Amino acid sequence: MLKLNNISKSYNKGEVKAVDNLNLEIKSGEIFGFLGPNGAGKTTTIKMIVGLLKPDEGKIILDGVDVWQDSLRAKSMISYVPDNPEIYDRLNGIEYLNFIADMYGISKEERTKKIEYYTKLFNIEDSLGDIIGSFSHGMKQKLVLTSALLNDPNLFILDEPMVGLDPKSSFNLKEIMRKMCNEGKTVFFSTHVMEVAEKLCDRIAIINKGKIIALGTMEELRAHAKERESLENIFLELTDNE
Amino acid sequence: MNKLFSLIKTDLNVTFGLSSILYSFKAKRQRWQMLLFGIAMLSLIPTYVLFLVSLEKLYVSFRQIGQQSYFLLTGFLGSQMIVFFFGLLYVMSKYYFSNDLMHLLPLPIKPSHILTSKFITIMVSEYLTSIPVFLPFVIIYGIKGRVGLLYWIYTLLALITFPILPLVLASIVIMLLMKYTNIKGKRDLIRTISSILFIVLILYSQLKIQNLAQKAMLEGKDFYFNLARDANLLVRNLGLVFPPSMWGALSLANYNKVIGLTNILMFVATSIAGFALMIFLSERIFFDGLIGNIEVTATKGKDRRKDLYRVTSVKKPYLAIAKKELKMLIKTPIYLMNSVGGVIIGPIIIVLSLFTGEQSTEPLAQYLSSNMDIVILASIGMIGALGILNSVGATTFSREGKNFWIQRTLPIKAKDQILGRVLASIALQVLGGFVLIGCILFIIRLDILSILLILVLGLIASIPMTQIGMIIDILRPMLNWSNPQQAMKQNLNVLIGMGVGVLYGGALIILVKFMLNKINIWGIYSILTTILFISIIVFSIILKKLIEKQFREL
């Protein structure tokens, strides 16, 4: 479903290689966790998939569509939730959601149903008439999540989605991810929270200095580790050695 | 004191992006952009040369009546006015709406220190905008008048200090306005309306004073005698609009006399005293306006929640983009004042300046009525010019700022981006068009056909103008801003757009002038419309290519 072929990206005239010849293949119906220390290349990789950063080399293919060749088609299948929810703070919540829904061409019935469902689930339904500037970080995050779920994406990409969410919303989000996978969609997210990755992900990749240093199911990662230990220890062991 | 220097340094760095300029010089991709930028800046030169030539003529005409000191006054008044009016906008956004205030407020810094650092940054911006106006006046006067060294020393002093006083006045006005309009609810709206009213009021009273002084001077029995006897007569009378400008002009005009010394001392001393007064006031009133300003009202109640189905409406993508653009323009006070304020204040000033004069507008009306074609063509030109003057097109992508990721990750066609953003700008041109026609109707009668011609052709003419702005903005969008003012008023794209717009509009004007009296007026309208439509199509193709490329690569 999502294929990253020899993706590279560097900054400062090639002095800093943020992502170095990365290859990944993620199947439909999979929850994929992307782990790595700060500055490892997680956000850069994610931005290349969603069309915010052009790779220097390589191809990204989503369901047979080249993300950078046929970007409109690809974008209509993807939803992206960034790590920092910077959104139009002078609009009110419902105006923002309607704007996003218009861009995806979602019908009135469909969007009303979805907005009602997700804003209730994330407990922001009463704030929809307020301007986004009055929202807390977590509320903005929930609004972005809601907007990203309006178009029923085939690929749901989230950068550090649990940051700023309250425990209940974070639980709900995990449920949503699970449900999407059961429907055959793909969820790709980066995180620092080992526990979430350990419990939720079908497969995990650990990236460091732009390269994938470990990839597989939790069991496979454990098998490669010195002792059968927690993901946290595996992570520390791998990223320390680099 | 160290705190203050550190604040000033950081604020200058953040505002002018010094660190990021250094950073971007390292990137290869930025270089061709720099080159393009240079070429675009060059396009401003013809306009500026035209300005210099007309200034020189102005000097000669004042010298003929022995009142060349009035030429200096015009320079002082003009540049100090620019500083004051730009200052009102700069001050409001910089003191009250910049993002860094949220980080500065909790730190143990005195309000006067925050204000001083911001004042200095604004001074730098003001130098950049007003020195190109100020300098030619003093240089032309100096060279043509073969002045001595002391003149240039005084000029240097005046050059450093001339923005201080108008900026101090702007700061005090805005601080008072913000303190007393800090009312929950419709705060932004109240502030915008009161600022626009204030600007209109100031302009009106300026024109009125000027007019009264002029009348009083002309009515005096010995006007011509006095004119010949006193080389500073015009300055002394007409400088009353803003006495510091008068002192500035008098000091340079009389640099070799004692009166020159006393005037330059007064000029500098009032600037310093004004600054001290502002600092003194800031300790008392700055935080009053600011603290409430950061609060944002949230209802937190179910009563505000409207029926979801009712407020949910489906729109075509380009309409949704236009609606969002307009909403953001209207809801952000800085944008509202720059764009909407701009399109309505212009025509109002024209009418005001006609009506503050005691003389009748009858001769003007007669002249215009007998040249209806020119009136219509000029009005079309004015509405067309609004397409670039309202700054909406030339900042449309810059205004997205940190929110730019939203539209880059959504499946939006370039065609919808162009259409939506052009529509938002046209909405403002429609408003400007109505105000303009209203103003013209004050002077002469227009029939329905003329009104329709002005509106329809004016709006069509405004589209390529808006597109020129958009092309420049997508080439070098200014996305990294911490204060909406930077996206709109401190955005060079607006200036470059105006330069290119002048070239494009100038070419059209020359063409029309050439055709006038040679071809039937309807022939001119049809040729003009055809050219405009071809431009719209060509610019749309260019924009489509650029949007697709830049949305991918930025």
Side-chain angles (χ1 to χ4, degrees), chain A residues 11-13 15 47 50-54 68 71-80 82 84 86-92 94-112 115-116 119 125-136 139 144 147-148 151 157, chain B residues 23 26-29 188 294-321 323-325 327-333 335 399-414 416 420 484 548-549 551-554:
Chain A
Y11 299 114
N12 276 359
K13 286 190 213 162
E15 277 169 31
K47 283 186 169 172
V50 300
L52 286 173
L53 268 182
K54 196 174 181 187
W68 284 91
S71 59
L72 279 191
R73 239 179 94 198
K75 283 174 186 172
S76 58
M77 297 191 274
I78 304 176
S79 272
Y80 164 59
N84 195 5
E86 296 268 10
I87 47 177
Y88 305 121
D89 55 4
R90 295 267 162 183
L91 297 185
N92 66 36
I94 188 72
E95 285 168 345
Y96 178 72
L97 293 177
N98 269 320
F99 174 74
I100 300 291
D102 284 333
M103 295 304 123
Y104 284 112
I106 300 166
S107 73
K108 184 167 181 167
E109 294 71 31
E110 184 74 12
R111 72 173 77 171
T112 313
I115 292 173
E116 207 147 29
T119 53
E125 52 184 332
D126 293 336
S127 306
L128 284 184
D130 292 333
I131 65 161
I132 295 168
S134 72
F135 284 21
S136 67
M139 283 163 76
V144 177
S147 72
N151 71 324
I157 301 193
Chain B
Y23 181 79
K26 289 180 191 155
K28 204 175 176 183
R29 209 167 57 82
D188 290 347
I294 292 175
E295 289 170 18
V296 184
T297 332
T299 50
K300 302 262 183 215
K302 292 200 177 185
D303 50 318
R304 264 288 302 275
R305 191 190 157 214
K306 294 171 190 157
D307 175 15
L308 202 55
Y309 198 79
R310 200 168 53 78
V311 293
T312 303
S313 63
V314 180
K315 285 200 174 52
K316 292 248 179 317
Y318 67 89
L319 282 179
I321 290 175
K323 186 181 162 198
K324 179 233 125 205
E325 285 280 284
K327 277 229 153 98
M328 299 284 286
L329 278 173
I330 292 166
K331 287 186 176 183
T332 314
Y335 295 160
R399 276 181 279 123
E400 295 282 331
K402 294 201 170 77
N403 301 327
F404 200 37
W405 70 269
I406 300 173
Q407 301 212 15
R408 287 185 63 204
T409 56
L410 289 173
I412 308 173
K413 293 184 187 125
D416 288 326
E548 279 166 359
K549 178 172 178 291
F551 268 58
R552 204 175 297 156
E553 292 178 7
L554 274 175

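Order of the sequence lines fixes the chain letters, A, B, ..., with proteins taken first and strands second; residue numbering starts at 1 for each chain. The shown structure was predicted, so the numbers you read here are calculated from the model rather than taken from an experiment.
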- Task: Go through the steps for L91(A) and K324(B) under the test side chain to side chain contact (heavy atoms under 4.5 Å, CB included), then give the verdict.
- Result: CA-CA 8 Å; L91(A) 297 185; K324(B) 179 233 125 205; 4.0 Å; yes
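- Per-residue heavy-atom pair counts under 4.5 Å with chain A were compared for T332(B), D416(B), I330(B), and the maximum is reached by T332(B).
- No side-chain heavy atom of Y88(A) sits less than 4.5 Å from a side-chain heavy atom of K331(B).
- Atom NZ of K75(A) is surrounded by more than 12 heavy atoms from other residues, nucleotides or ligands within 6.0 Å.
- Taking NZ of K327(B) as the start and CG of N92(A) as the end, the distance is 7.0 Å to the nearest 0.5 Å.
- Taking CG of L410(B) as the start and CG of L72(A) as the end, the distance is 10.5 Å to the nearest 0.5 Å.
- Note: W405(B) CH2 to L53(A) CG = 14.5 Å, rounded to the nearest 0.5 Å.
- Ranked by heavy-atom pairs under 4.5 Å with chain A, the list E548(B), R552(B), E400(B), K316(B) is led by R552(B).
- Contact of F135(A) with chain B is not made at all, since no heavy-atom distance falls under 4.5 Å.
- Under the salt bridge (charged side-chain N to carboxylate O under 4.0 Å, His left out) criterion, E86(A) pairs with no residue at all, not counting sequence neighbours.
- For L319(B), no part sits under 4.5 Å from any heavy atom of chain A, backbone or side chain.
- Interface remark: F551(B) contributes backbone atoms only to the contact with chain A (heavy atom separation under 4.5 Å).
- Although no hydrogens or angles enter the test, the distance criterion places no donor-acceptor pair under 3.5 Å between the side chain of R90(A) and the main chain of M328(B).
- For I106(A), the part sitting under 4.5 Å from any heavy atom of chain B is the backbone (N, CA, C, O) and nothing else.
- Atoms CE and NZ, on M103(A) and K413(B) in that order, are 11.5 Å from each other to the nearest 0.5 Å.
- For the pair R111(A) (side chain) and S313(B) (backbone), a donor-acceptor distance under 3.5 Å is present.
- The structure places OG of S147(A) at 8.0 Å from CD1 of I406(B), a figure rounded to the nearest 0.5 Å.
- Going from atom OH of Y80(A) over to atom CZ of R408(B) covers 10.0 Å, rounded to the nearest 0.5 Å.
- Considering only residues two or more places apart in sequence or on other chains, K323(B) meets the salt bridge (charged side-chain N to carboxylate O under 4.0 Å, His left out) condition with none of them.
- Judged by distance alone, the side chain of D102(A) and the main-chain N or O of K315(B) form a donor-acceptor pair under 3.5 Å.
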